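Residue numbers begin at 1 in each chain, while the letters A, B, ... track the order of the sequences. This one's a predicted model, so the numbers in the text were calculated from it and none came from an experiment.
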2 protein chains.
Amino acid sequence: MRSYGEYCSLAKALDVVGDRWTLLIIRELALRGACRYTDLRNGLPGIATNLLAQRLRELEQADIVYREDAPPPVATTLFRLTPRGEELRPALEELTRWGVPLMHEQDPEDAVRSHWLSSAIDLMLTDRRPKRPPVTVELRIGDEPIVIQTVDGRVRTSLGPAPAPADLVLTGAERPVLGLVLGITDLAGAQALGVAYEGDPAVLDRLRVDR
Amino acid sequence: MRSYGEYCSLAKALDVVGDRWTLLIIRELALRGACRYTDLRNGLPGIATNLLAQRLRELEQADIVYREDAPPPVATTLFRLTPRGEELRPALEELTRWGVPLMHEQDPEDAVRSHWLSSAIDLMLTDRRPKRPPVTVELRIGDEPIVIQTVDGRVRTSLGPAPAPADLVLTGAERPVLGLVLGITDLAGAQALGVAYEGDPAVLDRLRVDR
DNA sequence: CAGCATCCGCTTTGATACTG
DNA sequence: CAGTATCAAAGCGGATGCTG
C-alpha cells in the first residue's frame, strides 16, 4: 500500500494493515490459529491467490505473521500470528463488534463460515446467571455446528458437534438464528423466518446482554 | 468498495469503512468535531478532492456522517459523525494504540498535525498520582502546541497555548519529543536528538504507564 | 496437491484543472 | 468554499500455468 504520509498513529497502522484483505487474513489467523495456505484460501473465499501470497509476504515483513516450516508428519508450511500480530486482537474485536448490526443484511450470495459467526457471538453474549448450572446451546448454521457454553460467568463458543446433548438446538438460516440468539428477534419472529428449535428456548435469556 | 461477500461481522464492517481514506476521514471528525470540507482537506493532506467528496457521500449513505447546512453567521456546510459513526471510536482507539510503536519511524516527508499526536498521547498516558496537585506539560511540536493536563486521575490533552504556565515545556522534533513523553527514550537520549526543555522533567514520570 | 507466479482486463485512486 | 470533470497510473480479480 502506498503510505498515507502522515505522522499519525492511526495512519501508520493503516499503512500496514489497511490494504484490502489484510485484516481478513489476520482474522483467519486470529480465529483459527496456525493455518496452511489452503486453509487461508478456504477462509477467504474470493481472494485471488496471487494477492494472498503477496499479502502474506507483506505481513511477514511487518512482523505480523510468520511462516513455520512444519513438523515431519504433515510437512507443510504453517502461517501464524507473531506477538505483534496478536496485539491486533482488540482492534479486530472492536471492529467486529461494530459490524454486528450490519449482519442484518445477509446477501444470498454471501459466503458463510461458522468460525466467523462464533467470534461475533462470543463478543455479544455473556452469562447473566453465573452461579446456576452451566447451559449449552447448539446452532446448526454455517459450515459446521456452533456450540455456545457458559463457563465461569463467561460465554465460550466452539465449533463442531456438542460434546453432550445441548439444552437448546437451533436450526434455520443464519440471519434469523443469529437474530434470535442476540436478542434482536423474538422466538415467534424467528420461527416465522423458518427457525426451528429443540429444547428450552428460555436459556437464551440468560445469555443476552441488556441494551 | 466491492463487497467481500462474506457473512461475517468484520467483513461487513470493512465493506463500509475499509476503503482507503475512509477511517482517516472518520478520525478527523472524531478528533475535531464538526468540520468544513476545507478543514477535512487540511486534516487529510494528500487526499484527492474527488475522493473526499465521494467518500463523504458514501459515509452519509452508511449513516456514519451527516451534513449540516450551517447557521447564518458562517453559512457553510458542516460534516459531523452520527451516533452510529461515534460508535466507531473504540475501534479507532484500538487501531491508534496499535499504531503507536510505528511512530518510531518518522519519514521527513510525513505531514504532521498536532491533533493526530494528541489523540495518541491521550491513549498512552495516565495520572499515577491522582491525589497530588495537577500538572501541566506543553509540547511545542506539530502545527500547534499540545497541552497535557492531569484531571481527575486521567490525562487530558488539548491544543493551543497553555492557559497557565506549564510545569514543563518540551521543544524539538516530533519523534524524540513523543519518545520522551511516552517513556521510550530517556531525557539524555532525547536531548541528544535535539529536544530542549524548560521546567521540571520529573513530572513526566507521573504520567507514564508501567510496561 | 500445496504454494505460488504471470498475464490481462477492469476498477479504484491520484493529480490537476475547472466551476457555481 | 465546496465541490465536479478528466485522464493517467496503480491496484485488484479472475484465469491459467508452473514447480516441488
Counting only heavy atoms not in B:Glu198, do more than 12 sit closer than 6.0 Å to its CD atom?
-> no
Report the distance from atom [atom1] of [X] to atom [atom2] of [N], rounded to the nearest whole Å.
{"X": "B:Arg67", "N": "D:dC1", "atom1": "CZ", "atom2": "P", "answer": "16 Å"}
{"X": "B:Asp15", "N": "C:dT12", "atom1": "CG", "atom2": "P", "answer": "13 Å"}
{"X": "A:Leu78", "N": "C:dG3", "atom1": "CG", "atom2": "P", "answer": "8 Å"}
{"X": "A:Leu52", "N": "C:dG3", "atom1": "CG", "atom2": "C1'", "answer": "9 Å"}
{"X": "A:Asp69", "N": "C:dG3", "atom1": "CG", "atom2": "P", "answer": "10 Å"}

On the ring face of A:Tyr37, is A:Arg67 found with NZ or CZ under 6.0 Å from the centre and within 45° of the axis?
-> no
Roughly how far apart are B:Asp127 CG and B:Arg156 CZ, rounded to 0.5 Å?
->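 Answer for the CG-CZ pair, B:Asp127 versus B:Arg156, is 12.0 Å.
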Rounded to the nearest 0.5 Å, the CZ atom of A:Arg32 sits from the CG atom of A:Leu159 at a distance of 6.0 Å
Less than 4.0 Å between a side-chain N and a carboxylate O, is that true for B:Glu28 and B:Arg113?
-> no
Are any of A:Thr38's side-chain N or O atoms less than 4.0 Å away from OP1 or OP2 of C:dC1?
->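 So the side chain of A:Thr38 is outside the cut-off, no N or O lying under 4.0 Å from OP1 or OP2 of C:dC1.
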Check: B:Gly142 main-chain N/O paired with B:Glu174 side-chain donor or acceptor under 3.5 Å = yes
Nucleotides 4-20 of chain D: protein proximity per nucleotide (B base, S sugar-phosphate only, - neither; heavy atom, under 4.0 Å) | BBB-----SBB-B----
